[in-house]
Amino acid sequence: MYTSHANFKKYLEELFHQIFSKDIFIEVQSTMGTVHYETFLHYQTNATLGLIFSWIQGEFQYSAKFMMEQLTIFSNTQVIGLKKL
């Protein structure tokens, strides 16, 4: 569905960005510096779409309820560090 329509991804990006900027306020906090909120919204939008597209490519291996739960968990998870492997 998303690969056969060239404008579908762009439409979803705009839709999610609108939701994240007008309907939902995402509270952010960083110990590393000031979060530029508009840039963060683009990051969150594309992370959400990446998860949805992965779910589609995986042929809906997980239920919609599970994916919503995971998205909620991810959105409320704080990265505590990055380590080189």
Side-chain angles (χ1 to χ4, degrees):
M1 178 164 111
Y2 71 98
T3 57
S4 63
H5 299 287
N7 294 327
F8 186 64
K9 184 177 186 294
K10 184 70 177 159
Y11 168 78
L12 286 179
E13 282 181 48
E14 291 171 1
L15 175 66
F16 276 90
H17 187 269
Q18 180 178 342
I19 290 168
F20 289 145
S21 61
K22 294 187 176 16
D23 299 332
I24 297 171
F25 177 76
I26 303 171
E27 188 175 355
V28 296
Q29 178 181 344
S30 174
T31 60
M32 301 297 294
T34 303
V35 174
H36 182 261
Y37 193 71
E38 182 63 25
T39 303
F40 177 78
L41 290 181
H42 287 284
Y43 170 82
Q44 188 65 40
T45 296
N46 284 286
T48 301
L49 288 175
L51 184 65
I52 292 169
F53 291 154
S54 175
W55 183 47
I56 293 168
Q57 288 174 331
E59 298 180 358
F60 307 99
Q61 178 181 2
Y62 305 105
S63 70
K65 182 177 187 273
F66 174 82
M67 294 303 288
M68 283 302 299
E69 289 170 350
Q70 288 297 297
L71 183 58
T72 300
I73 291 168
F74 296 159
S75 296
N76 288 285
T77 297
Q78 218 175 19
V79 175
I80 58 171
L82 300 172
K83 297 179 183 177
K84 186 176 180 179
L85 299 177

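Sequential numbering from 1 along the given sequence is applied to the chain's residues.
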Participant: Just checking Tyr43: does its OH atom have more than 12 heavy atoms from other residues, nucleotides or ligands closer to it than 6.0 angstrom?
Facilitator: no

Participant: Might you confirm whether atom CZ of Phe40 has over 12 heavy atoms from other residues, nucleotides or ligands at distances under 6.0 Å?
Facilitator: yes

Participant: Enumerate the salt bridge (Lys or Arg N to Asp or Glu O under 4.0 Å) contacts for residues 58-82, please, sequence neighbours excluded, ordered by first and then second residue.
Facilitator: Lys65-Glu69

Participant: Identify whether Leu49 and Phe60 are in the same connected component of the hydrophobic contact network (ILVMFWY, side-chain heavy atoms under 4.5 Å).
Facilitator: yes

Participant: When you look at Trp55 and Leu51, which way does the side-chain contact (heavy atoms from CB on, under 4.5 Å) test go after all the steps?
Facilitator: CA-CA 6 Å; Trp55 183 47; Leu51 184 65; 5.8 Å; no

Participant: Name the atoms and distances for all side-chain donor-acceptor pairs under 3.5 Å in residues 16-27, with sequence neighbours left out.
Facilitator:
unit_1 : atom_1 : unit_2 : atom_2 : d
His17  : NE2    : Glu38  : OE2    : 2.8
Ser21  : OG     : His17  : O      : 2.8
Ser21  : OG     : Gln18  : O      : 3.4

Participant: To the nearest 0.5 Å, what is the distance between CG on Leu41 and CG on Asn46?
Facilitator: 11.0 Å

Participant: Return the set of residues passing side-chain hydrogen bond (donor to acceptor under 3.5 Å, both in side chains) with Glu14 (not counting sequence neighbours), or none when no residue passes.
Facilitator: none

Participant: Start with the C-alpha distance between His36 and Val28, add both sets of side-chain angles, then the distance that settles side-chain contact (heavy atoms from CB on, under 4.5 Å), and finish with yes or no.
Facilitator: CA-CA 10 Å; His36 182 261; Val28 296; over 6 Å; no

Participant: Using a 3.5 Å cut-off and no angle test, enumerate the donor-acceptor pairs between side-chain atoms of residues 73-85 and protein atoms at least two apart in sequence or in another chain.
Facilitator:
unit_1 : atom_1 : unit_2 : atom_2 : d
Ser75  : OG     : Gln44  : NE2    : 3.4
Ser75  : OG     : Leu71  : O      : 2.9
Asn76  : ND2    : Thr72  : O      : 2.7
Thr77  : OG1    : Ile73  : O      : 2.6

Participant: Going by ring pair (Phe, Tyr, Trp, His ring centres under 6.0 Å), name the residues that satisfy it together with Phe66, two or more places apart in sequence or in a different chain.
Facilitator: Tyr62

